[in-house]
Amino acid sequence: MKKFLREFKAFAMRGNVMDLAVGVIIGGAFSNITNSLVNDIINPILGIFTGGNMDLSALCIHVSGGGDIMIGSFINAVLNFLIMAFVIFCMMKGINLFHRKKEAAPAAPPEPSAEEKLLTEIRDLLKEKA
């Protein structure tokens with residue numbers, strides 16, 4: 001049992017798992033911001049165009065039998081998805097650009113060691129004598 005717990009701890013503390021956890025938490029917070037943007041800003045503006053100056057999320061089609069097709073809620077979900085997808089696309093584009101710049105910069109050749117410098121000097125002196 002102790003070995004199992006040690007392995008689990010090693011797994012949970014690896015960088016990838018911690019990065020994923022941070023990403024999920026930040027994604028949840030960003031999702032709340034996106035929902036607020038759509039519900040509190042975009043919906044009222046789009047509601048002006050649907051007539052009646054009502055919130056777009058209240059837009060629905062009444063179906064015989066007492067049900068409603070909530071078109072406004074569906075549009076909210078689509079807008080949330082599009083905003084999140086656009087932000088993720090922009091982030092990935094920036095990350096890829098950063099990695100390309102990092103890979104494009106060639107590494108400077110290493111400085112010769114003290115032995116190599118000494119051997120070069122000896123070689124040059126031998127060439128001068130000959």
Side-chain angles (χ1 to χ4, degrees):
M1 184 67 169
K2 288 182 181 181
K3 182 180 177 187
F4 177 78
L5 290 175
R6 264 188 268 126
E7 288 178 18
F8 178 74
K9 182 180 176 184
F11 167 78
M13 294 302 162
R14 282 196 334 219
N16 294 342
V17 175
M18 298 304 283
D19 291 344
L20 180 63
V22 169
V24 167
I25 292 168
I26 290 175
F30 185 72
S31 175
N32 289 337
I33 293 171
T34 305
N35 286 334
S36 177
L37 173 69
V38 170
N39 294 332
D40 301 332
I41 296 174
I42 295 175
N43 273 347
I45 293 170
L46 293 177
I48 294 170
F49 298 111
T50 61
N53 210 13
M54 66 176 194
D55 188 11
L56 185 65
S57 62
L59 184 64
C60 64
I61 298 174
H62 298 287
V63 180
S64 61
D68 291 332
I69 298 175
M70 303 300 293
I71 295 174
S73 295
F74 177 72
I75 292 172
N76 281 354
V78 170
L79 288 173
N80 282 336
F81 170 76
L82 291 175
I83 291 169
M84 292 289 281
F86 179 73
V87 169
I88 291 171
F89 170 76
C90 290
M91 287 174 46
M92 292 308 299
K93 197 150 178 71
I95 290 170
N96 289 340
L97 180 65
F98 174 74
H99 284 299
R100 270 189 247 123
K101 283 184 179 179
K102 189 176 174 181
E103 291 172 1
E111 189 72 24
S113 68
E115 291 175 350
E116 290 175 337
K117 288 179 183 177
L118 183 61
L119 289 171
T120 304
E121 289 177 18
I122 293 171
R123 182 197 65 201
D124 293 343
L125 289 173
L126 287 174
K127 280 184 181 178
E128 287 177 11
K129 287 185 179 180

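The basis for the numbers below is simple: all heavy atoms, side chains too, and nothing from hydrogens, waters or symmetry mates. Counting begins at 1 with the first residue of the sequence.
- To the nearest 0.5 Å, atoms CG (Leu118) and OG (Ser113) are separated by 9.5 Å.
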Start with the C-alpha distance between Ile83 and Ile42, add both sets of side-chain angles, then the distance that settles side chain to side chain contact (heavy atoms under 4.5 Å, CB included), and finish with yes or no.
CA-CA 11 Å; Ile83 291 169; Ile42 295 175; 4.0 Å; yes
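- With hydrophobic clusters built from ILVMFWY side chains whose heavy atoms lie under 4.5 angstrom apart, Leu79 shares a cluster with Ile41.
- Within the 4.5 Å cutoff, the side chain of Glu111 has no heavy atoms near those of the Glu116 side chain.
- Cluster membership for Leu97 and Met92, using ILVMFWY side-chain heavy atoms within less than 4.5 angstrom, is not shared.
- Under the 4.5 Å side-chain contact rule for hydrophobic residues, Val38 and Ile71 share a cluster.
- Put simply, CG on Asn43 and CG on Leu37 are 9.5 Å apart, with the number rounded to the nearest 0.5 Å.
- Hydrophobic cluster membership for Leu125: none, as no Ile, Leu, Val, Met, Phe, Trp or Tyr side chain comes under 4.5 Å of it.
- Residues Phe74, Phe81, Leu82 make up the rest of the hydrophobic cluster containing Val78, defined by ILVMFWY side-chain heavy atoms closer than 4.5 Å, directly or through other members.
- Residues Arg123 and Leu119 fail the side-chain proximity criterion, which asks for heavy atoms closer than 4.5 Å.
- Looking only at distances, a side-chain donor or acceptor of Thr34 sits under 3.5 Å from a matching main-chain atom of Phe30.
- One finds the CD1 atom of Ile69 at 9.5 Å from the SG atom of Cys60 (value rounded to the nearest 0.5 Å).
- Linking ILVMFWY residues whenever their side-chain heavy atoms come closer than 4.5 Å, directly or via other members, places Ile61 and Ile75 in the same cluster.
- Using a 4.5 Å cut-off on side-chain heavy atoms (C-beta onward), Ser31 and Asn35 make contact.
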